Amino acid sequence: MEPPPDASRLEQDRLDKIAAMRAAHVEPYPWTFAGRTPTVIVRVKAGALNPEETGTEAFRVAGRLTAVRRHGGSAFFDLEDASGPLQLFLRADELGAGGLRTILEWIDGGDIVGATGRSYRTRRGEPSLLVDELQLLAKAIHPPPEKYHGVKDPELRLRQRYVDLLASRESRRMFELRSTVVQGAREFLQGEGFLEVETPTLVQVAGGAAANPFLTHSSYLDQEVQLRVALELPLKRLLVGGMERVFEIGHVFRNEDLDSTHVPEFTMLEAYAAYADYRDMQDWMERLFSQLAQTVARLFPDIPGAVTAPERFLRPFGTVDFVEALEEKSGLSGILDRSLDELKTLARKVGATVPAESPIGTFYDKLFDHYVTPTLIEPTFVLDHPAASTPLAKRHRSKPGRVERFELYIGGVELANAYSELNDPIEQATRFREQLAARGVESYAMDDDFVEALRYGMPPAGGVGFGIDRAVMALSGAASIKDVVLFLPIRRLPGPG
RNA sequence: GGGCCCGUAGCUCAGCCCGGUAGAGCAGGCGGCUCUUAACCGCAAGAUCAGGGGUUCGAAUCCCCUCGGGCCCGCCA
């Protein structure tokens with residue numbers, strides 16, 4: 001019970017109150033509070049009353065006090081639980097002069113309390129609970145943030161997300177929305193017969209995407225292991241194993257910088273369907289996103305970006321051919337026939353800096369990012385990429401030099417990526433070797449066992465993957481991925497030890 | 001990795017250009033108030049001006065370094 005030596009006056013006052021309660025044999029951190037009703041229900045019941053009318057039914061509510069307004073012989077507390085806010089009205093008439101005084105002595109804004117009372121509507125019409133008993137459930141020693149402006153300091157919001165959350169209902173709502181999106185995607189896929197699986201995050205070779213992996217060490221194996229950068233390769237092994245429709249939702253890790261659309265640890269959804277191709281995945285994505293947009297708009301009318309989501313995800317989405325779009329927007333022609341040197345020159349001209357030894361696909365992507373990506377505001381499928389940039393996709397059935405692939409863009413951001421999956425083990429081995437030979441800063445790692453799996457025969461299949469975080473951004477209108485990820489990586493502060 | 005910007009009380013912010021005793025609101029303390037809702041009124045208190053160094057008679061303010069954060073660019077299919 002000894003206060004830390006650096007406790008501020010504010011904290012010391014609250015510690016003193018705890019001591020006073022204990023001296024009076026009142027527990028400031030009791031064990032439970034049974035039989036509570038969400039505040040929203042009391043609000044509705046009290047809202048049906050006439051001003052100054054008291055309801056007949058008793059309720060118990062619990063939550064955090066966000067404001068305390070004292071009036072001598074009475075007081076108004078604002079209490080907030082997950083369902084919303086509710087005003088508590090405390091009067092000496094119900095609590096006794098001594099009872100009210102004790103409450104006001106011991107309770108501060110920010111405390112977690114439980115209250116019992118009847119529904120009541122104030123003279124001004126505010127739905128309230130007329131309190132006849134109020135109990136402290138957890139004393140807050142730190143004072144809450146400023147009640148009107150809340151927490152603005154972005155560093156504080158990052159380092160202590162719980163402070164942001166407890167002060168900001170908007171912030172909490174965003175994560176309720178996120179949960180709705182995850183659940184909606186899961187139910188959609190399950191409804192289409194996909195089996196949800198989990199595969200390891202610790203792998204020997206982080207494959208399935210060109211990205212820098214995090215490295216760590218396994219004591220058990222006494223070997224270096226890596227954190228996965230994609231879900232793709234283990235899930236396709238499951239297709240080899242006879243699972244026909246599988247999906248996974250899980251974290252992948254890419255050892256790269258953080259910005260408004262990238263975060264090193266993020267949540268990926270990938271789904272694979274045997275006896276399907278990328279066109280089937282396209283249809284699924286269109287239906288999934290348009291359905292999610294409607295759900296989100298219905299459940300989150302208080303989030304402006306969510307309300308407009310259904311209009312942004314109206315079906316059918318646009319479609320453009322990768323090469324046609326690039327040639328049209330750039331004014332360049334015969335892009336696939338250009339030499340590596342020509343492409344390098346063109347890429348430099350648009351300000352892209354790429355390592356000199358990068359594979360040719362990198363330059364197509366750079367040019368596309370520069371000329372086309374910013375124009376893809378409405379949901380748009382970009383189809384049939386050059387083969388060189390995509391070693392895990394099947395070559396196009398009718399367009400030479402291309403693969404069967406789409407990326408879904410919205411708001412100039414890549415949302416989803418899908419292929420007709422390459423299932424020819426000989427060609428897969430060749431593509432991996434070409435990637436390794438052309439190795440730039442990063443490349444697709446060679447996963448020998450994956451090729452071995454394909455040699456047992458993988459059915460023709462379509463696969464799709466998308467970042468949950470970016471999907472939530474698109475559906476909520478969030479400006480930054482930081483607004484939709486609860487805990488972000490942040491540098492530790494210098495400290496003792 | 002490069003450029004620009006920010007760090008003042010628990011929180012939200014003034015003060016910095018142009019150097020001269022560190023300010024307000026909220027929260028907290030004391031007093032008043034039985035219908036407020038950013039409650040109100042009065043009194044008192046609360047600061048390592050991110051940290052370190054320099055210039056100066058004098059630095060929150062000017063200069064340098066460090067730490068932390070933000071935005072943009074680069075990197076990240």
Side-chain angles (χ1 to χ4, degrees), chain A residues 6-14 16-17 51-52 66-78 85-95 97 100 105 108-110 120-128 130 140-159 163 167 208-212 229-230 254-264 266 322 351-355 358-359 361-366 368-369 373 382 385-386 388-393 405 407 414 417 440-444 465 479-480 482 488 490-495:
Chain A
D6 60 339
S8 72
R9 279 284 305 282
L10 292 176
E11 291 168 8
Q12 190 56 54
D13 287 336
R14 288 160 181 254
D16 290 345
K17 291 176 188 180
E52 295 196 78
T66 57
V68 172
R69 295 180 292 280
R70 305 172 50 155
H71 289 263
S74 72
F76 296 95
F77 289 0
D78 291 337
L86 176 70
Q87 175 169 275
L88 307 182
F89 186 26
L90 296 84
R91 282 193 307 211
D93 303 349
E94 283 77 23
L95 297 157
L100 181 61
E105 260 171 39
D108 293 295
Y120 176 77
R121 192 135 177 249
T122 63
R123 196 170 295 162
R124 296 278 184 94
E126 179 72 23
S128 307
L130 184 60
I141 294 170
H142 284 304
E146 214 264 0
K147 67 184 173 192
Y148 185 62
H149 299 92
V151 185
K152 291 229 171 119
D153 180 357
E155 182 172 352
L156 179 61
R157 295 181 62 185
L158 271 190
R159 278 190 199 284
V163 178
N212 282 323
V229 298
R254 299 184 180 181
N255 206 343
E256 281 138 11
D257 279 357
L258 181 151
D259 65 25
S260 61
T261 55
H262 298 81
V263 61
F266 63 99
F322 184 100
T353 59
V354 270
S358 296
T362 307
F363 296 97
Y364 296 130
D365 291 337
K366 288 290 163 198
F368 191 87
D369 276 349
T373 299
V382 175
H385 298 56
S389 60
T390 315
L392 291 160
R405 172 184 182 185
E407 289 179 300
E414 181 198 337
N417 185 23
V441 174
E442 303 109 26
S443 182
Y444 285 78
S480 169
K482 294 181 179 184
L488 290 151
I490 188 160
R491 229 171 273 282
R492 94 180 130 257
L493 295 171

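The figures here come from the full heavy-atom set of this structure, side chains too, leaving out hydrogens, waters and symmetry mates. Keep in mind the model is a prediction, meaning the values are calculated, not measured. So that the names make sense, note that chain A is the first sequence line, chain B the second, and so on, each numbered from 1.
- Taking atom C1' in both B:A50 and B:C17, the straight-line distance is 22 Å, to the nearest Å.
- No hydrogens or angles were tested; on distance alone, nothing pairs the side chain of A:Glu126 with the base of B:U36 as donor and acceptor under 3.5 Å.
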Provide a list of protein-nucleic acid N or O atom pairs under 3.5 angstrom, restricted to nucleotides 40-47 of chain B.
unit_1	atom_1	unit_2	atom_2	d
B:A45	O2'	A:Arg9	NH1	3.0

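- In this structure, the nucleotide among B:C75, B:A77, B:G69 sitting nearest to the side chain of A:Lys366 is B:C75.
- For the pair A:Leu130 CG and B:C35 P, the interatomic distance rounds to 14 Å; values are reported in whole Å.
- Side-chain proximity of A:Phe76 to the nucleotides B:G68, B:A77, B:U36 is greatest for B:U36.
- When rounded to the nearest whole Å, the span between CZ of A:Arg159 and C1' of B:G69 equals 8 Å.
- Taking every side-chain heavy atom of A:Ala210 into account, B:A77 is the closest of B:C75, B:A77, B:U37.
- Atom C1' of nucleotide B:C33 and atom CG of A:Leu100 are separated by 12 Å, given to the nearest angstrom.
- Considering all non-hydrogen atoms of both residues, A:Pro143 and A:Glu11 come closest at CD-CG, 4.4 Å.
- Pair check for B:G42 finds B:C30; Watson-Crick or G-U wobble, both atom distances under 3.5 Å.
- For A:Asp257, the side-chain atoms get nearest to B:G74 when compared with the rest of B:C35, B:G74, B:U34.
- With a 3.5 Å ceiling on both atom-pair distances, B:U56 lacks any Watson-Crick or G-U wobble partner.
- In this structure, A:Leu258 places its CG atom 14 Å from P of B:C73, rounding to the nearest Å.
- Between B:U36, B:A77, B:G69, one nucleotide has an atom nearer to the side chain of A:Leu158 than all others, and that is B:G69.
- B:C41 and B:U36 have their C1' atoms separated by 15 Å, given to the nearest Å.
- A:Asp108 comes within 4.0 angstrom of sugar-phosphate atoms only, judged by non-hydrogen atoms across all strands, and of no base.
- When the nearest nucleotides of RNA chain B are assigned to A:Arg124 and A:Arg491 by heavy-atom distance, the more 5′-ward of the two goes with A:Arg124.
- Between B:G29 and A:Lys17, a contact under 4.0 Å exists linking OP1 or OP2 to a side-chain N or O.
- Nucleotides B:A59 and B:C18 have their C1' atoms positioned 14 Å apart, rounded to a whole Å.
- Base pairing analysis places B:C4 opposite B:G70; the two distances defining the Watson-Crick or G-U wobble pair are each below 3.5 Å.
- Here B:A77 presents its C1' atom at 8 Å from CZ of A:Arg254, a figure rounded to the nearest Å.
- Between A:Gly73 and A:Asp365, the residue anchored nearer the 5' end of RNA chain B, judged by the nucleotide with its closest heavy atom, is A:Gly73.
- Using a 4.0 Å heavy-atom criterion, one finds that A:Phe368 contacts no nucleic acid atom at all.
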Summarise protein proximity over nucleotides 2-14 of chain B in one line of letters, 5' to 3': B for base, S for sugar-phosphate only, - for none, counting protein heavy atoms closer than 4.0 Å. --------BBSS-
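- Here B:A77 presents its C1' atom at 8 Å from CG of A:Asn417, a figure rounded to the nearest Å.
- Contacts of A:His142 with the nucleic acid, taken as non-hydrogen atoms under 4.0 Å apart, are absent.
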